[in-house]
Asker: 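Attaching a single structure in structure tokens format; questions to follow.
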Amino acid sequence: MKISMAPRPTEEQIQEVRRKLLSAGYSVHRMDREGETLLCALGPADFPEEAIRRLPGVTEITKITKSFKLASRQFCASDTHVAVGDVVVGGREVILMAGPCAVEGEDQVNRIAEGVAQAGAKVMRGGAFKPRSSPYSFQGLGVEGLKILRKAADTFGLKVVSEVMDISHLEPACRYVDILQVGARNVQNFTLLNALSLLDKPVLLKRGPATTIEELLNSAEYIMAGGNYKVILCERGIRTFNTYTRNTLDLSAVPVLKELTHLPVIIDPSHAVGIRKMVAPMARASIAAGADGLILEVHHDPDSALCDGQQSLTLDQFRVLTVECARIALVLGRTLGPEGGLDTKKAGP
Ligand code: PEP
Ligand code: MN
């Protein structure tokens, strides 16, 4: 149930509603939005509607019909802004996250961090714990990789996003990472999602190759149900009968998710298509479709990358792409790039 309060309710009014709901056996979630307080009560079916409606400050009680309650637009009509320090995902600015598939070493990460930061990325990506299809492939540098990422990101003024595959990764990742990434393979690892729900860290939740939109939103709900509302959704391609590209980018996931949820939505065109020259067109299309950001694989020397070099952009390609994306963002009344706005006039034809 959604309990709407009058504009700027007193703390006492909110606490009274909360107490009543808790004593009736409900768990209570609270979101504060620009002068608006939303309460969501989750629990038994026989909701004491009349008793709650009579409480001071309560204006409306609405049933949330979706299975994902806290993640739904029914609960919260306005967009969620996930703040990562001074970087905000889900606001007017389109956020670029870029970096190698895997952290390979200090020199590699530094070169890429410098390049993507100059081009306008706000967040550095890089896998330290790598979910590889083959156990014989490079599995990542682990905690050492996280340290390398943190140092490079701090040097070039970037935030860090990196994948956690297991609960045991959370402790070191919380020390070195700003956004914890849940990979496509773990989108329904409910034990991991429950553990993430107890943290005060933004989570980048990737859709799996065979995950429906509803399943993705229910996975987001797992994280939110424990009290962590900082969830960023990511479409990264789904498996279809088409085998030409690595996956099929479900671009319609952007408007669909925007209708169903208030959470930010970003796109990973790199894993979606898996072919370097096709990444930029899908990246541009993603911005045009209304994505709040992109996460892209970029490497200073993709042909010698230890992982996913075939889909990694060069630094030059990334620079060109950021300018193109900034232009598209502008058309949509959004900004992108350093200080929130690339100077697109300087960027050639
Ligand atoms: C990644 O982003 O490093 C990754 C492994 O992607 P996905 O989980 O989408 O396959
Ligand atoms: Mn990859």
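Values below: all heavy atoms of this structure, side chains included; hydrogens, waters and symmetry mates excluded. Each residue takes its place number in the sequence, starting with 1.
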Asker: Please evaluate residues Arg246 and Ser270 with respect to the criterion side chain to side chain donor-acceptor pair (under 3.5 Å), reporting the C-alpha separation (whole Å), side-chain torsions for both, the decisive distance (0.1 Å), and the verdict.
Answerer: CA-CA 9 Å; Arg246 183 172 177 172; Ser270 309; over 6 Å; no
Asker: Side chains of Thr65 and Gln74: is there a donor and an acceptor less than 3.5 Å apart?
Answerer: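 On atom types as modelled, these side chains qualify, holding a pair under 3.5 Å.
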Asker: Any idea how His262 and Phe75 line up, ring-wise: parallel (<30°), tilted (30 to 60°), or perpendicular (>60°)?
Answerer: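 Taking Phe75 first and then His262, their aromatic rings stand perpendicular (interplane angle over 60°).
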Asker: Could you tell me whether the side chains of Asp308 and His271 share a donor-acceptor contact shorter than 3.5 Å?
Answerer: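 Yes, a side-chain donor-acceptor pair sits under 3.5 Å.
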Asker: Enumerate the residue pairs fulfilling salt bridge (charged side-chain N to carboxylate O under 4.0 Å, His left out) with a member in residues 125-134, sequence neighbours excluded, ordered by first and then second residue.
Answerer: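 For residues 125-134: Arg125-Glu297.
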Asker: Without hydrogens or angle criteria, can the side chains of Ser219 and Arg207 be said to hold a donor-acceptor pair below 3.5 Å?
Answerer: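 There is no such pair (donor and acceptor under 3.5 Å, judged by atom type) between the side chains of Ser219 and Arg207.
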Asker: I'd like to check Thr240 versus Ile238 (side-chain heavy atoms, cut-off strictly below 4.5 Å). Are they in contact?
Answerer: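 SC-SC contact between Thr240 and Ile238 confirmed.
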Asker: Got a sec, which pairs hit salt bridge (charged side-chain N to carboxylate O under 4.0 Å, His left out) with one end in residues 142-169, sequence neighbours left out?
Answerer: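 Every salt bridge (charged side-chain N to carboxylate O under 4.0 Å, His left out) pair that includes a residue of residues 142-169, provided the two are not neighbours, is Asp86-Lys159, Glu106-Lys151, Arg150-Asp154, Arg150-Asp178.
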Asker: Could you walk me through whether Arg30 and Glu11 pass the salt bridge (Lys or Arg N to Asp or Glu O under 4.0 Å) check?
Answerer: CA-CA 12 Å; Arg30 171 179 175 175; Glu11 195 52 37; 2.8 Å; yes
Asker: Evaluate side-chain contact (heavy atoms from CB on, under 4.5 Å) for Asp292 paired with Val82, printing each intermediate quantity in order.
Answerer: CA-CA 11 Å; Asp292 296 303; Val82 175; over 6 Å; no
Asker: I'd like to know if the side chain of Asp32 pairs up with that of Thr37 as donor and acceptor (distance under 3.5 Å, no hydrogens or angles considered).
Answerer: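 Yes.
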Asker: Is a side-chain donor or acceptor of Ser197 paired with a backbone partner of Asn228 at a separation under 3.5 angstrom?
Answerer: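 Judged by distance alone, no pair lies under 3.5 Å.
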Asker: Any link between Ile223 and Ile232 through a network of hydrophobic side chains (Ile, Leu, Val, Met, Phe, Trp, Tyr) touching at under 4.5 Å?
Answerer: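 In one cluster with Ile223: Ile232, no.
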Asker: Would you kindly confirm whether Leu336 and Val88 end up in one hydrophobic cluster when ILVMFWY residues are joined by side chain heavy atoms under 4.5 Å apart?
Answerer: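 Per the 4.5 Å side-chain linkage, Leu336 and Val88 are not co-clustered.
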Asker: First locate atom CD of Glu36, then atom CG of Leu38, and finally report the distance between them rounded to the nearest 0.5 Å.
Answerer: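 One finds 4.5 Å between CD of Glu36 and CG of Leu38.
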Asker: Under 3.5 Å, is there a donor on one side chain and an acceptor on the other for Thr155 and Asn110?
Answerer: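 Side chains of Thr155 and Asn110: no pair found under 3.5 Å.
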Asker: If the plane angle is over 60° it's perpendicular, under 30° parallel, otherwise tilted; pick one for Phe47 and Tyr26.
Answerer: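 The arrangement is perpendicular - the two ring planes meet at more than 60°.
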Asker: Carefully, step by step, assess Arg18 and Leu39 under the rule side-chain contact (heavy atoms from CB on, under 4.5 Å).
Answerer: CA-CA 8 Å; Arg18 203 171 157 268; Leu39 296 173; 5.7 Å; no
Asker: Following the transitive rule for hydrophobic clusters with a side-chain heavy-atom cut-off under 4.5 Å over Ile, Leu, Val, Met, Phe, Trp and Tyr, establish whether Met124 and Ile148 coincide in one cluster.
Answerer: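 Yes; tracing contacts between hydrophobic side chains, which count when under 4.5 Å, links both residues.
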Asker: Taking the side chain as every heavy atom from C-beta outward, state whether Ile167 and Leu192 have any pair of such atoms under 4.5 Å apart.
Answerer: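 Yes, their side chains come closer than 4.5 Å.
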Asker: Test salt bridge (Lys or Arg N to Asp or Glu O under 4.0 Å) on Glu50 and Arg53; report intermediate values, then the result.
Answerer: CA-CA 5 Å; Glu50 276 318 304; Arg53 199 189 298 280; 3.5 Å; yes
Asker: Counting N and O atoms only, with roles assigned by atom type, does the side chain of Arg334 sit under 3.5 Å from a partner on the main chain of Gly91, one being a donor and the other an acceptor?
Answerer: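 Such a contact is found between Arg334 side chain and Gly91 backbone.
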Asker: Can you hop from Met165 to Leu306 via hydrophobic side chains spaced under 4.5 Å?
Answerer: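 Looking at the clustering, Leu306 is in the same group as Met165.
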Asker: Could you pull out all residues at least two apart from His29 that satisfy ring pair (Phe, Tyr, Trp, His ring centres under 6.0 Å)?
Answerer: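 Expected list: Tyr229.
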Asker: Just by modelled atom types, is the Leu170 backbone N or O under 3.5 Å from a matching donor or acceptor in the Lys201 side chain?
Answerer: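 Side chain of Lys201 to backbone of Leu170, a donor-acceptor pair under 3.5 Å: no, none is there.
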